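First up is the structure itself, then whatever we jot down about it.
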Amino acid sequence: MRKFLKITAIISICFLIILTTLFTAYAIITKDAVLDSSKLVGAGQNVIIYDDEGNEVTSASLEIQKKSISIDKLHPDTINAFIASEDRKFYKHNGLNYIRMVKALFKNISSRSFKEGASTISQQLIKNTHLSSDKTIKRKLNEIKLTKKLEKKYSKNQILEMYLNTIYFGHNCYGLQNASEFYFNKKAEELNLPESATIVGLLASPNNYSPFKNPEKSLNRRNLVLKSMLECDYINESEYTQAVNTPLNSEKRNSQDKFGSYISAVFDEIEEIDFDHYLLSDGCIIKTYLNSATQSRIEKLDYPCDNAVIITDNSSGGVKAYKSTINGAKRQPGSTAKPLFVYAPAIEEKYLSPFTRILDEHVDFNGYSPENYDKKYHGYVTVTDCIKNSYNIPAVKTLNALTVNACEKYLNAMDIRLDDDEKNLSLALGGMKYGLSIKELADKYSVFPRGGKFLPSRFIKEIVSKDGKVLYKNDFASSRVFSNGTCSLMNEMLIETSKSGTAKKLKDFTFDVATKTGTCGNLEGNTDAYTVSYTSDNCFAIWLGDKDNARNQITGGTDCCKIMKSILQKTYENSTPAPLDVTTGTTTLNIDKEEYLQNNKIVTADPVCPKLNLMQVKMLSGNEPKQISNRFSSPTIQTPVITVENNQININLCHAKYYSFIVKRNKNGKNTVIYDGEWKKTISDCPDEGLYTYSVTPYFKDTTKVYMGQEIMLPTVNIGKGNSIQIEVPDIIHKDWYN
């Protein structure tokens, strides 16, 4: 018994020591944590935005305090949406949900991370207004201490109201009132049930669940919030069903700021980068890549419909100018996908070269029969012709040969992820589920002038706090997608598109402009039109269409190219960009022209091939043809056909361009040359009666040498005895005639 009491005492003392140590450590770690009431109301600070020359563009006030809301004016559905989704026991706990904290602790231990936070609304308010987003034990302990002080000083409704007025909803919206006006163009007290659930759904990830950027994800997230409200009995089954069947009706307001599209894109980018947006509430400076003069020019252009324009710098990846009436929405890329999705990967995989001929014909891939825009078939066309004229059928045939799986490898390298239902041959023509934004399209095309390296473009160069501390710096590194050689070949073909293809409105420029156009539509009209151009220093992309997919007659090769021409003229009115690289990583050699045109075979030309039969081509280094022609240094022909009619010998020669022929007649061992000259269809001879054997020897003669081919012996003929041709009977005794 004494031993048991002794052990119990020791354990109790140890436990007391540990407990005392923990409390002491807690007190020491959190000694500087002070609740600041002024931070809880969100005293709005200015975020100053600068262009690339250090000039102030705008001062974007967060205006949190000015646009605060009173909780008693909100509809119960709005309040309940937050409670059900963020903290179901908000009105029951004292600021800390210990059960959730213990569960989160075990999950973090098992995963060896701090992924689970188990934060209540009170904790979120403290973290957002008083602490950093660092996932450390010290920050968590400070959060716990300040949350307990918060709960002692304020009522639950006061805490919830402060939370709603300071929480971040994306797109530079701090507080529910700002978010309501931004996403639905109405006051917070006017929000209905589906709208309230949509806004609450943003909190998990404003960038991913924005109804403007990812409407499908936003809808799914909204319905998840509604499901939580149903589980908490805040709404009944009928209300839930009606709400989940209500479409998103978000209505983004056009920014009234100077360079509004660019400024809006800056704040959108903050959602994408690893940056604590609550740091903005303390006031800061955002340095951008904006070129104010260029931005002014694109905003003053005359656009016939909804539009999006972007200009990026190839070296830094910085966005110099950006304008959009569709708020960065993704659209079907149409034929602009062909170089990126089909031809560049096929060249890289050494399936083809710019001069490779593809048969443009009717095809059927298990019921999928693509058509060209002109409803015609063009026979054998080169890859260059396919690109510059934007033929559809050859692009689909090429992707079929390449395979979608091989294509996907390159798309992933350019940060394009395909859903399973997108992995089909229509991808060659831009058939995507979500499509690409104009920014994403420019990013992909910038790979070509950058020599095959992918670098996502950025609006923000740097974010600096009001006391000069660098909070964020754009240091994205490029990654290899294509080889230099593939890009050189693509540059040359897209330059040709500007000169004589669908973008020939740009042919008058004296410097290199590589371009691809695209138009999405059908017999009822078009929905999307594109022109993407690039020079050695900049990439330019234009989209025209209708945000609601209304049909029009806008096309990439006409309307978009017209605007592109104006932009290029203004951009380079006082300068000229360096030429685009069209040689690095490529090999130029001569191939046999006749083999190429007549037989669709690509073989290296015979060293003694006549100039008229040479065809100079450029290809990816390492993809040179393995076969070398010898048809001039070692002339070869098909066996001529010999006939006899009315005692006249006729020898018919198959056409062999550039060859000459020696035809001999042999009688009784005596040879006589009956013809020596260039190709003739028929060589005729009228000898006396008797048996004759004729031979034909092709040869090629250049300026210095004669190259003789193999002499071909023809069947023996008999003149005067039925004008017959005799086939020599093999000597079965002395010769193995069977082989």
Side-chain angles (χ1 to χ4, degrees), residues 314-315 317 333 335-358 381-388 390-391 394-416 427-428 430 440-456 478-498 501 512-516 518 532-536 539 578-589 591 602 616-626:
N314 293 338
S315 59
S335 291
T336 61
K338 294 171 184 173
L340 296 166
F341 294 11
V342 180
Y343 293 115
I347 290 174
E348 189 73 18
E349 294 290 329
K350 299 181 180 178
Y351 273 89
L352 46 73
S353 297
F355 57 89
T356 302
R357 299 168 80 217
I358 303 172
V381 286
T382 66
V383 170
T384 299
D385 289 333
C386 294
I387 290 177
K388 78 174 190 178
S390 205
Y391 295 143
V396 176
K397 290 180 74 173
T398 300
L399 181 58
N400 182 61
L402 176 67
T403 75
V404 174
N405 286 340
C407 162
E408 187 179 15
K409 176 178 66 175
Y410 296 97
L411 298 188
N412 288 343
M414 293 185 286
D415 203 22
I416 298 176
L427 191 66
E440 290 173 325
L441 192 59
D443 288 353
K444 315 319 175 195
Y445 267 88
S446 295
V447 167
F448 297 139
R450 204 177 281 123
K453 293 183 177 180
F454 174 66
L455 178 66
S478 61
S479 57
R480 174 69 62 184
V481 180
F482 301 113
S483 65
N484 277 294
T486 293
C487 294
S488 293
L489 298 174
M490 291 305 305
N491 288 343
E492 191 164 50
M493 289 188 285
L494 293 172
I495 289 172
E496 187 58 39
T497 303
S498 297
D512 288 345
V513 179
T515 305
K516 185 68 187 80
V532 184
S533 294
Y534 60 84
T535 61
S536 58
C539 185
L580 284 164
D581 185 0
V582 296
T583 58
T584 301
T586 67
T587 299
T588 300
L589 52 76
I591 63 171
I602 300 172
Q616 190 175 77
V617 296
K618 188 184 295 184
M619 64 193 66
L620 186 68
S621 294
N623 196 29
E624 298 85 356
K626 294 179 174 59

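Just so it is clear, the structure is predicted and the values come from calculations on it, not from any experiment.
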* Structure fact -> So NZ of Lys388 and CD1 of Ile495: to nearest 0.5 Å the spacing works out to 13.5 Å

* Are any of the side-chain heavy atoms of Asp443 and Asp415 separated by less than 4.5 Å? -> no

* Name of the residue among Thr515, Leu340, Asn314 meeting side-chain contact (heavy atoms from CB on, under 4.5 Å) with Tyr445 -> Leu340

* Any chance you could measure Asp581, atom CG, to Ser488, atom OG, to the nearest 0.5 Å? => 4.0 Å

* **Contact summary for Pro339 and Phe448, nearest pair of heavy atoms** => O-CZ, 4.1 Å

* Asked: Within a strict 4.5 Å, meaning less than it, do heavy atoms of the Thr583 and Lys618 side chains meet?
  -> yes

* Structure fact -> Sorted by chain and residue number, the side chain to side chain donor-acceptor pair (under 3.5 Å) partners of Ser621 (sequence neighbours excluded) come out as Thr587

Which donor-acceptor pairs under 3.5 Å do the side chains of residues 401-408 make with protein atoms, sequence neighbours left out?
| unit_1 | atom_1 | unit_2 | atom_2 | d |
| --- | --- | --- | --- | --- |
| Thr403 | OG1 | Ala406 | N | 3.2 |
| Glu408 | OE2 | Lys423 | NZ | 3.2 |

* Structure fact -> Ser390 meets the side chain to side chain donor-acceptor pair (under 3.5 Å) criterion, sequence neighbours left out, with Ser335, Lys338, Lys516

* Asked: Once you round to the nearest 0.5 Å, how far does CZ of Phe355 lie from CG of Leu489?
  -> 9.5 Å

* To do: Under the salt bridge (charged side-chain N to carboxylate O under 4.0 Å, His left out) rule, collect the residues that match up with Lys453, sequence neighbours excluded.
  => none

* Tyr534: side chain to side chain donor-acceptor pair (under 3.5 Å) partners, not counting sequence neighbours -> Asn491

* Closest approach of Ala578 and Ser536, non-hydrogen atoms and distance? -> O-OG, 2.7 Å

* Asked: Any idea which heavy atoms bring Val513 and Ser498 closest together, and the distance?
  -> O-OG, 2.7 Å

* Structure fact -> Separation between OH (Tyr391) and NZ (Lys397), nearest 0.5 Å, reads 14.0 Å

* **Sequence-distant partners of Lys409, side chain to side chain donor-acceptor pair (under 3.5 Å), two or more places apart** => Glu349

* Interatomic spacing from CE in Met490 to CG in Leu580 - rounded to 0.5 Å -> 12.0 Å

* In a check of side-chain contact (heavy atoms from CB on, under 4.5 Å) between Met619 and each of Thr586, Thr588, Leu589, which one passes? -> Leu589

* With Ser479 via side chain to side chain contact (heavy atoms under 4.5 Å, CB included) - residues at least two apart -> Phe454

* Structure fact -> Heavy-atom closest pair (Ala395 atom, Ala428 atom, distance to 0.1 Å) is O-CB, 3.8 Å

* Structure fact -> Across all chains, not counting sequence neighbours, the ring-ring contact (aromatic ring centres under 6.0 Å, His included) partners of Tyr410 are Phe482

* Mind checking the OG1-NZ spacing from Thr336 to Lys444? Nearest 0.5 Å is all I need. => 12.0 Å

* Asked: With Ser483, which residues qualify under side chain to side chain contact (heavy atoms under 4.5 Å, CB included), at least two apart?
  -> Glu348, Thr486, Leu620

* Is the shortest heavy-atom distance from the side chain of Asn623 to the side chain of Ser353 under 4.5 Å? -> yes

* What residues form a side chain to side chain contact (heavy atoms under 4.5 Å, CB included) with Val383, not counting sequence neighbours? -> Tyr343, Leu352, Thr356, Ile358, Ile387, Met493

* Return the set of residues passing side chain to side chain contact (heavy atoms under 4.5 Å, CB included) with Ala442 (not counting sequence neighbours), or none when no residue passes. => Ile310, Cys539, Ala541

* If you look at every heavy atom in Met414 and Val447, which pair is closest and at what distance? -> SD-CG2, 4.2 Å

